[in-house]
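For the numbers below, each heavy atom of this structure counts, side chains included, while hydrogens, waters and symmetry mates do not.
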Amino acid sequence: ILAAFDPALRLAILFIGVAGMVLYPTIAPQTLVVHIIKELFPIGLKGLAMAGLLGALMSTADSFFHAAGLAIARDVAKPLCSLRGISINELRWARIATLLVGLGSIAVGLQGMKILDLSLIAAELIVPLLMFPMTAGIIGLKPDKISFHVAALCTLIAFGLCKLFLPTAYSDFS
């Protein structure tokens, strides 16, 4: 469902941004949506629009934090602890992981990076890690967990080395 609606949502956001840049070419892109709300919306709808934007933002962030915390607790902490014969409280681990992901997100946000740069970095990390296992699954190959983890580790190492040692002109090769 997400794959079907995500391109349409991104296109709608793109059109809002292009329309704002045409209407207000001198406004900084970071303040464009707020400026559109302040200038074009009537008084009663300004607060409603801002509350809606904040609500959507908080809901999306909450969902991502929750999913990340659960994934870390269930897919990382639990298998590592069960290898050593340790039983863990997944809920406590999920809470701690969610807190750490939230703090990490705040730290990244305070770096002042643009959202497009963050999206590109995320895509650069996720696509190599997920594309090959997904393609292998589609064509019928079923590797075991060790093979998947070794391939993921090799991908991350190769990606990191390319980012460190290739000049920025060749960064697309990574």
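- Leu57 and Val33 fall into different hydrophobic clusters, where Ile, Leu, Val, Met, Phe, Trp and Tyr residues are linked whenever their side-chain heavy atoms come under 4.5 Å apart, directly or through other members.
- Each salt bridge (Lys or Arg N to Asp or Glu O under 4.0 Å) pair with one or both residues in residues 17-30, not counting sequence neighbours, would appear here, but there are none.
- Rounding to the nearest 0.5 Å gives a distance of 7.5 Å between CD1 of Ile72 and OG1 of Thr98.
- Judged as a salt bridge (Lys or Arg N to Asp or Glu O under 4.0 Å), not a single pair has a partner in residues 101-113 (not counting sequence neighbours).
- Under a hydrophobic-cluster definition in which Ile, Leu, Val, Met, Phe, Trp and Tyr are linked whenever side-chain heavy atoms come within less than 4.5 Å, directly or via other members, Leu45 and Leu23 are assigned to the same cluster.
- The two residues Ala94 and Ala73 come nearest to each other via the heavy atoms N-CB, 3.6 Å.
- The shortest non-hydrogen separation linking Pro79 to Val76 is CD-O, 3.5 Å.
- The hydrophobic clustering, which links ILVMFWY residues whose side-chain heavy atoms are closer than 4.5 Å, places Phe165 and Leu156 apart.
- Side-chain contact between Ile37 and Leu53: present, with at least one pair of heavy atoms (C-beta onward) separated by less than 4.5 Å.
- Residue Leu11 qualifies as enclosed at atom CG: its count of foreign heavy atoms under 6.0 Å is above 12.
- Listed by chain and number, the residues in a side chain to side chain contact (heavy atoms under 4.5 Å, CB included) with Tyr24 are Ile27, Leu32, His35, Ile36, Glu39, Leu40 (sequence neighbours excluded).
- Residues in residues 70-79 take part in these side-chain hydrogen bond (donor to acceptor under 3.5 Å, both in side chains) pairs, two or more places apart or across chains: Arg74-Glu90, Lys78-Glu90.
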Side-chain donor-acceptor pairs of residues 63-71 under 3.5 Å, sequence neighbours excluded:
from  : atom 1 : to    : atom 2 : distance (Å)
Ser63 : OG     : Ser59 : O      : 2.9

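- Considering only residues two or more places apart in sequence or on other chains, Arg92 meets the side chain to side chain contact (heavy atoms under 4.5 Å, CB included) condition with Asn89, Ile96.
- We find the CE-OG1 distance between Met21 and Thr26 to be 9.0 Å, quoted to the nearest 0.5 Å.
- No chain of hydrophobic side-chain contacts below 4.5 Å, direct or via other Ile, Leu, Val, Met, Phe, Trp or Tyr residues, connects Leu99 to Met58.
- The residue from Leu103, Val101, Val108 that alone fulfils the side-chain contact (heavy atoms from CB on, under 4.5 Å) condition with Ser105 is Val101.
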